[in-house]
Amino acid sequence: MGPQNTDRHHLACLTMNEIPNTSSDTSRHFIRQIIGDDVAAGVPGGKVVTRFPPEPNGWLHIGHAKAITINFGMAREFNGAFNLRMDDTNPSKESEDFVNAIQRDIEWLGCKWDNFIYASDAFDTMRDIAVALIKSCHAYVCEVPQEEWKNFRGVPSAPGTESPFRNRPVDESLARFDAMCRGECDEGAMCLRAKIDMTSPNIHLRDPVIYRVLHMPHYRAGKTWSAYPMYDFAHPIEDALEGITHSLCSIEFEVHRPLYDWVIDRLAELNLLIIRNGEPVRPKQREFARLNLTHTVMSKRYLLQLVQEKKVTGWDDPRMPTISGFRRRGFTPESIRDFCERVGVSKYKSLTELALLDSCVRDDLNRRATRRMAVINPVKVVIDNFPADAEEFFDAPNNPEDPAAGSHQVPFSRELWIERDDFMEVPEKKFFRVTPGQEVRLRYACLFKCTHVEKDAEGNVAEIHGTWDPASRGGTSPDGRKVKATIHWVSVKHALPVEVRLYDKLFTVPEPQADPDRDPHDFLNPNSLVTRTAFAEPALAGAAPGEHFQFERLAYFCVDPDRDAEGRPVFNRTVTLKSST
RNA sequence: UGCCUCAUGGUGUAACGGUAGCACAGCAGACUCUGGAUCUGCUUGUUUAGGUUCAAAUCCUAAUGAGGCAACCA
């Protein structure tokens, strides 16, 4: 107990005095601990190597971002290496387009890989290993038809039965495996199985298929192969070949781990583990829980359905939880990485609130987004004591959080647009904005007092009339009087009409998939996209695609790649500002 | 129901046998030329039942609840 307390104290001192701000705010999650312990105990060559192994058959989503940042983050934290590997062992849905999209998204996230690898480049090696396994009686070609195998496999609660081909002569298996690879047999007619244990309570160990026949060209390997390795066989080989020390994956692979280790054991017997500084590198698979987000569906299948049914405009629709969707919506790589860090890593099947992601982007954009004024739901203000032809220019800081960002000029004139919400003819309690007789500040410009309104035939407010105090130019009055509200505005004659796309949650309920009997379609938010024309200050005319702005008092916006018919920028609402009303 | 895994405020996550902390959300207040930001304070938690121990969120047993596994997908 004594020594322990001493250690504790020592550690506390270390934390406070010697470890700078690097890891003090990151949690000691179990993966970090496992790798830390392994490094302390001695990893071959002292080098941690991780990998992210997507199958190039679709777009990456925010759930993948979690896996990427964990694998990338651990490699970086332990001064190791991070590989990006295309796990392309099933040609049916893979393509080079997906490879490119995946690379682009990961690059954008800022997770640089040290090596880029195609699993398919190792098809020869995998075949050789399969042959070696047949020769050592660890694998056999099974001709039990695919549909019949379930009778041999058994059920989880009862053992299976051995295949009649299990102990066939090695030469027979060798010949048939060769035929499989060369396309001389039908799909489903035979397969290569690992010979493990048909009585195992773990189904994955009941002679799993390691090669199956697929008469399908591979997007890279062409027609070279007619048999392809299964994930459970290929993955540990890929990891071993690359010298991966820690193979970090999501929780559903937990039950596969004994099989993963079985393959690694075979590779060790065959002396195929790579040697680093004299030691074989034996990869270790560890599993963490997937990311689940409220008001979101993450499954690739369902996202595909949304695209196909045109519920969204594409995989990069700003409402999609894809990385490309978030990018177009205006999320920054930093905000997504921060989110992944804040979500943490555990084995618990959690459901993270979308509000956390919102908080992460706001936090980042608050620091970096250029401030501009724009009015989305306009009503006209007429300043009766301001000359009709006059105009003034007021100086407005580009970002109050960053003085180095400088300032710009905003034109002001007799007629202005303000938000309809900022006016109430009959104010409710605590309404400090525009209402007859109440003075407010027009941001950066002056103090203004509403005197009366004009209404249209239906009784709607058509124009708000009032007066300004010329002595308050710039926003403050020499007499130092205070106003309780400051509102944004845009000069009518200088206004730039722009398209704004107001995005909101795709689903109206926190768990669209909670009820298996209900289609998530039932919960699609009909208002997830509202398009409007806003009046923006002219400085926004030159906004470039991808640029981030805060429309003051409203929300953060990002310039879309699209332009409107007039060639003017289109703004996507990333996230609203927090509002306490 | 066989095997594996998990369980800490509303949400997510720390605490590694010795003071249950952080973030998000929520609620107050201060400040403010954004009802933003910032600052301060507050509310809310160890699934249950036994056991080990001077001491249990932590170790053991059981219960309960949740997730995963029975593709020739990954």
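Rounding to whole angstrom units, CZ of residue Phe288(A) and P of rG68(B) are separated by 16 Å. In this structure, the CZ atom of Phe431(A) is 11 Å from the P atom of rG35(B), given to the nearest Å. For the pair Asn292(A) CG and rG68(B) C1', the computed distance is 13 Å after rounding to whole Å. When the P atom of rG12(B) is taken as reference, atom CG of Leu351(A) falls 6 Å away, rounded to whole Å. In this structure, Trp489(A) places its CH2 atom 14 Å from C1' of rU34(B), rounding to the nearest Å. Atom-to-atom, CZ of Phe253(A) to P of rC73(B) comes out at 14 Å; the value is rounded to the nearest Å. When rounded to the nearest whole Å, the span between CG of Asp186(A) and C1' of rC72(B) equals 13 Å. Put simply, CZ on Arg362(A) is 11 Å from C1' on rC24(B), counting in whole angstrom units.
Distance noted for atom C1' between rU48(B) and rA7(B): 12 Å (whole Å). The C1' atoms of rC6(B) and rU13(B) are separated by 15 Å, rounded to the nearest whole Å. rA70(B) and rC3(B): their C1' atoms are spaced 11 Å apart (whole Å). Nucleotides rA20(B) and rU43(B) have their P atoms positioned 15 Å apart, rounded to a whole Å. Rounded to the nearest Å, the gap between the P atom of rA23(B) and that of rC42(B) is 13 Å. rG17(B) sits 15 Å from rU46(B) when the C1' atoms are compared, rounded to a whole Å. When the P atom is used for both rU64(B) and rA49(B), the distance is 15 Å, rounded to whole Å.
A cation-pi arrangement is absent between Arg127(A) and Trp225(A) under the rule of less than 6.0 angstrom and at most 45 degrees off the ring axis. Judged by a 6.0 Å distance limit and a 45° cone about the ring axis, Arg473(A) is not positioned over the six-membered ring of Phe394(A).
The number of heavy atoms from other shown groups lying within 6.0 Å of CZ (Arg290(A)) does not exceed 12.
The backbone N or O of Val509(A) sits less than 3.5 Å from a side-chain atom of His295(A), completing a donor-acceptor pair. With hydrogens and angles ignored, the 3.5 Å screen pairs no side-chain donor or acceptor of Arg193(A) with any backbone N or O of Arg166(A).
Both Ser579(A) and Glu353(A) lie close to RNA chain B; mapped to their nearest nucleotides by heavy-atom distance, the more 5′-ward contact belongs to Glu353(A). When each of Gly154(A) and Lys349(A) is assigned the nucleotide of RNA chain B with its nearest heavy atom, Lys349(A) is the one assigned upstream, toward the 5' end.
A donor-acceptor contact under 3.5 Å is formed by the side chain of His256(A) with the base of rA74(B). Side chain Arg342(A) to base rU13(B): no donor-acceptor pair is found below 3.5 Å. If you check distances only, the side chain of Gln550(A) never reaches the base of rG36(B) with a donor-acceptor pair under 3.5 Å. Within 3.5 Å, a donor on the side chain of Arg433(A) pairs with an acceptor on the base of rG35(B), or the reverse. A donor and an acceptor atom sit less than 3.5 Å apart, one in the side chain of Glu401(A) and one in the base of rG36(B).
rA71(B) shows a glycosidic angle within 90° of 0 and is accordingly assigned syn.
With a 3.5 Å limit on both pairing distances and Watson-Crick or G-U wobble geometry required, the stems of 3 or more pairs in RNA chain B span B:2-7 with B:64-69, B:10-13 with B:21-24, B:26-30 with B:38-42, B:47-51 with B:59-63.
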- Tyr444(A) and Phe412(A): ring pair (Phe, Tyr, Trp, His ring centres under 6.0 Å), yes or no, with the steps? CA-CA 10 Å; Tyr444(A) 309 126; Phe412(A) 182 87; over 10 Å; no
- Query: Could you go step by step and tell me if Lys505(A) and Leu354(A) meet the side-chain contact (heavy atoms from CB on, under 4.5 Å) rule?
  - Reply: CA-CA 9 Å; Lys505(A) 299 176 173 72; Leu354(A) 202 52; 4.1 Å; yes
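Residues Asn399(A) and Arg371(A) have side chains that bring a donor and an acceptor to within less than 3.5 angstrom of each other.
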